[in-house]
Amino acid sequence: MLSPCPFPSAMNSRHPLPEDIIALLSATLLVALGVFLLKQAGLLTGGTAGIALLLAHFSDTGFGVWFFLINLPFYVLAWLRMGPAFTGKTFACVSLVSLFSEQIPRFLTVTSVAPLFGALTGGLLIGVGMLMLFRHQASLGGIGILALYLQGRFGVSAGKLQMAVDSLILLVSFAVVPPWLLLLSVLGALLLNQVLAFNHKPGRYSAMA
């Protein structure tokens, strides 16, 4: 039986509402900045963010709108699996990332981003932002929630499902970006996951009352 939350170390912490608000605003802005750098460098990533970036490549609709729409079906699973508080925070975070992603280009003009810099900095920013969200019992929704739900309900490996979806995103990405940019996209995704793996461990974090 899976833990009801994918972030058990964070569930034992309690933050006052002002701390949650500041953390979620800061985290979603970091994630949106990371996505902005990836997009400006012509790079992609995994999960629902990767799907949204792909759809933005193939349409006139921006990343923020796609990211918001793609995550809508996953809130039902989040409610069933993680509870209303987690779902509410996740909905707020997805909405903020979508909003910030659409608004950042109005306030920040970047003529070019070196792909290697975009991969490294974008991956780090998204990873740190997601780490902050996890520690405040929130997420960016998406494939991770579906993977945990299917594993708990049908025994499907969450890790394998996540890997399969990310592999499919990368496969489709060959039609959008050249191979060397795809490799840098993988580098950015690996760095993102390493930030989480190194810093989000049981017992590593405890909030002050």
Side-chain angles (χ1 to χ4, degrees), residues 6-7 27-59 61-71 74 90 93-94 97-98 100-101 104-105 108 110-134 139-148 150-151 156-201:
F7 324 120
T28 50
L29 181 57
L30 288 176
V31 171
L33 280 171
V35 171
F36 173 76
L37 289 176
L38 291 178
K39 185 177 180 181
Q40 292 299 109
L43 304 174
L44 299 169
T45 189
T48 49
I51 297 174
L53 282 172
L54 273 176
L55 291 173
H57 273 284
F58 289 118
S59 70
T61 305
F63 165 86
V65 176
W66 281 120
F67 187 65
F68 180 82
L69 293 176
I70 291 169
N71 274 289
F74 297 105
T90 296
C93 291
V94 170
V97 169
S98 299
F100 290 154
S101 298
I104 283 176
L108 179 63
V110 177
T111 56
S112 66
V113 176
L116 179 59
F117 178 83
L120 296 177
T121 308
L124 282 173
L125 287 173
I126 297 172
V128 172
M130 291 181 67
L131 180 64
M132 292 174 66
L133 295 181
F134 291 174
S139 79
L140 293 178
I143 306 300
I145 292 175
L146 175 62
L148 287 166
L150 292 178
Q151 179 170 300
V156 177
S157 171
K160 290 181 179 179
L161 178 61
Q162 184 85 47
M163 185 181 299
V165 172
D166 286 345
S167 298
L168 181 60
I169 293 171
L170 292 176
L171 183 63
V172 176
S173 299
F174 276 109
V176 178
V177 298
W180 71 280
L181 287 181
L182 192 57
L183 288 175
L184 288 177
S185 298
V186 172
L187 175 63
L190 289 174
L191 188 58
L192 185 162
N193 283 288
Q194 288 304 306
V195 170
L196 299 177
F198 289 156
N199 293 280
H200 191 69
K201 298 177 181 179

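Since we're looking at a predicted model, the values are computed, not measured. Hydrogens, waters and symmetry mates are skipped; everything else that's a heavy atom, side chains included, is used.
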Query raised in the report: Are any non-hydrogen side-chain atoms of I51 and F67 less than 4.5 angstrom apart?
Result: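 Not touching, per the 4.5 Å side-chain cut-off.
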Query raised in the report: If only atom types and distance count, is the side chain of Q40 paired as donor or acceptor with the main-chain N or O of V110 below 3.5 Å?
Result: yes
Query raised in the report: Any side-chain heavy-atom pair from L55 and I70 closer than 4.5 angstrom?
Result: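 Yes; the side chains approach each other to less than 4.5 Å.
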Query raised in the report: Measuring from L116:CG to L181:CG, what's the distance to the nearest 0.5 Å?
Result: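 Going from CG on L116 over to CG on L181, the span is 11.0 Å.
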Query raised in the report: If we only count heavy atoms from C-beta on, is the L140 to V97 side-chain gap below 4.5 Å?
Result: yes
**Report entry** Interatomic spacing from OG1 in T28 to CE in M132 - rounded to 0.5 Å
**Finding:** 8.5 Å
Query - Minimum-distance pair of heavy atoms, taken over all atoms of G42 and V177 - result: O-CG1, 3.3 Å
Query raised in the report: Mind checking whether L38 and V113 have side chains closer than 4.5 Å, heavy atoms only?
Result: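 Sidechains of V113 and L38: no contact.
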**Report entry** Within-4.5 Å side-chain heavy-atom neighbours: S139 and I145
**Finding:**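 The answer is yes; the side chains approach within 4.5 Å.
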Query raised in the report: Just wondering, do L125 and T121 contact through their side chains at under 4.5 Å, heavy atoms?
Result: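 T121 vs L125: side chains touch.
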Query raised in the report: L124 versus L191: any side-chain heavy-atom pair under 4.5 Å?
Result: yes
Requested in this report: Give the minimum heavy-atom separation between I169 and T45, together with the two atoms involved.
Outcome: CG2-O, 3.7 Å
Query raised in the report: Looking at CZ of F74 and CG of L146, how far apart are the two atoms once the value is rounded to the nearest 0.5 Å?
Result: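 Spacing of CZ (F74) from CG (L146) equals 5.5 Å.
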Report summary line: Heavy-atom closest pair (A41 atom, A114 atom, distance to 0.1 Å) is CB-O, 4.4 Å
Query raised in the report: Quick one: CG on L29 to CD1 on I104, what's the gap to the nearest 0.5 Å?
Result: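 Answer rounded to 0.5 Å: 5.5 Å.
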Query raised in the report: Is S101 reaching over with its side chain to a backbone N or O of G64, donor-acceptor style, under 3.5 angstrom?
Result: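 Flag not set: sc S101 to bb G64 has no pair under 3.5 Å.
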Query raised in the report: In Å and rounded to the nearest 0.5 Å, what is the CG to OG distance from L54 to S59?
Result: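 If we round to the nearest 0.5 Å, L54:CG and S59:OG are 10.5 Å apart.
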Query raised in the report: Shortest non-hydrogen contact from P115 to L184?
Result: CB-CD1, 3.4 Å
**Report entry** Heavy-atom side-chain contact between L120 and L187 under 4.5 Å
**Finding:** yes
Report task. Could you pull out the closest heavy-atom pair between A27 and G129, with the gap in Å? Result -> CB-O, 3.3 Å
Query - Audit row: W66, S98, side-chain hydrogen bond (donor to acceptor under 3.5 Å, both in side chains) steps and yes/no - result: CA-CA 8 Å; W66 281 120; S98 299; over 6 Å; no
Query raised in the report: Is it the case that more than 12 heavy atoms not belonging to F117 sit under 6.0 Å from its CZ atom?
Result: no
Requested in this report: For G142 and T48, work out which heavy atoms get closest and say how close.
Outcome: CA-CG2, 3.4 Å
Requested in this report: Show your working on side-chain contact (heavy atoms from CB on, under 4.5 Å) between K39 and L44 and close with a plain yes or no.
Outcome: CA-CA 7 Å; K39 185 177 180 181; L44 299 169; over 6 Å; no
